[in-house]
Amino acid sequence: MKSLSALHVCCSLALFLPVAHAGVTNPILEALAASGNAPAVMTDEELHHARGTALQQIYNMPAPSVLVGVKEHHVTYLKFGSTADYRSYRYVGFSYDPRASYLISNGTVMERGVGDTWRADLYSSAYSWNFSNSQVIEHHLQAFTPSGNPLPYGYRATNWNRPASRFSW
């Protein structure tokens, strides 16, 4: 009986889907195209700048928690609330590599950056953290000259609302 019911649902969907999607248009996009204002396609870099999540040069920001190497903070999603809200995460721990650094391209100039990287595990349980399930949600880096002197600015790119001055939970 269950297989007959499943067959009935599949056949109904097979008949309905081509009719439902045939000729589906968006009236807002059609109106824009008719008035000569076709929507522009944005590259990933342009989209990051529009959203405010691109790596931006910032003056007078709090320094990262380390100025030698890269400290990678590990957080896990608590499975409630917004993934863009830092209060929906649990701090699990960190790893630290004193020899690591990032190369930052600032137009034609390459700079070295050290500091903090935040990785969030969105899929594991709230009390475990797995690197293969994680993704970078923030870079908070101090820029240095090639000779190793700190520059008066840093870089920050973020996908959540954590204040730059908050390093502990």
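Positions are given from 1, in the same order as the sequence printed here.
- The heavy-atom pair separating Gly115 from Pro64 by the smallest distance is CA-CB, 3.7 Å.
- In this structure, the ring of Trp118 has its center no less than 6.0 angstrom from the ring center of Tyr89.
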Is there a side-chain hydrogen bond (donor to acceptor under 3.5 Å, both in side chains) between Tyr155 and His139 once you walk through the steps?
CA-CA 7 Å; Tyr155 292 92; His139 289 289; over 6 Å; no
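- Between Glu30 and Ile28 there is no side-chain heavy-atom pair separated by less than 4.5 Å.
- A continuous path of Ile, Leu, Val, Met, Phe, Trp and Tyr side chains, each step under 4.5 Å between heavy atoms, connects Tyr91 with Trp160, placing both in one hydrophobic cluster.
- Asp121 and His74 share no side-chain donor-acceptor pair at under 3.5 Å.
- Val75 has its side chain out of reach of Val92: every pair of non-hydrogen atoms, C-beta onward, lies at least 4.5 Å apart.
- For Phe94, the ring-ring contact (aromatic ring centres under 6.0 Å, His included) criterion is met by no residue, not counting sequence neighbours.
- Each side chain to side chain donor-acceptor pair (under 3.5 Å) pair with one or both residues in residues 125-134, not counting sequence neighbours, appears once here: Arg119-Ser134, Ser124-Asn133, Ser125-Ser128, Asn130-Ser132.
- One distance of note links NE2 of His73 with NE2 of His140; it measures 9.5 Å at 0.5 Å rounding.
- Note: the hydrophobic cluster containing Leu141 does not contain Leu67 (ILVMFWY, side chain heavy atoms under 4.5 Å, direct or indirect links).
- Between the side chain of Asp116 and the main chain of Ser65, a donor-acceptor pair closer than 3.5 Å is present.
- Annotation: side chain of Met110 is not in contact with side chain of Pro146 (no heavy-atom distance under 4.5 Å).
- In this structure, CG in Asp97 is found 11.0 Å from OG1 in Thr117, a value given to the nearest 0.5 Å.
- The ring-ring contact (aromatic ring centres under 6.0 Å, His included) check on Tyr96 picks up nothing, with sequence neighbours excluded.
- A donor atom on one side chain and an acceptor atom on the other are not found under 3.5 Å apart for Tyr123 and Gln135.
- Shortest non-hydrogen contact noted between Val114 and Ala100 is CG1-O, 4.0 Å.
- How far CG of Leu122 is from CD1 of Ile137: 7.5 Å, rounded to the nearest 0.5 Å.
- At least one donor-acceptor pair closer than 3.5 Å links the side chain of Gln142 to the backbone N or O of Leu151.
- The two residues Leu78 and Ala126 make their nearest non-hydrogen contact at CD2-CB, 3.7 Å.
- Criterion: ILVMFWY side-chain heavy atoms under 4.5 Å apart, direct or through other members. Under it, Tyr102 and Phe144 are not part of a common hydrophobic cluster.
- Ser82 and Ser88 make their closest contact through O-OG, 3.2 Å (heavy atoms, listed as atom of the first residue, atom of the second, distance).
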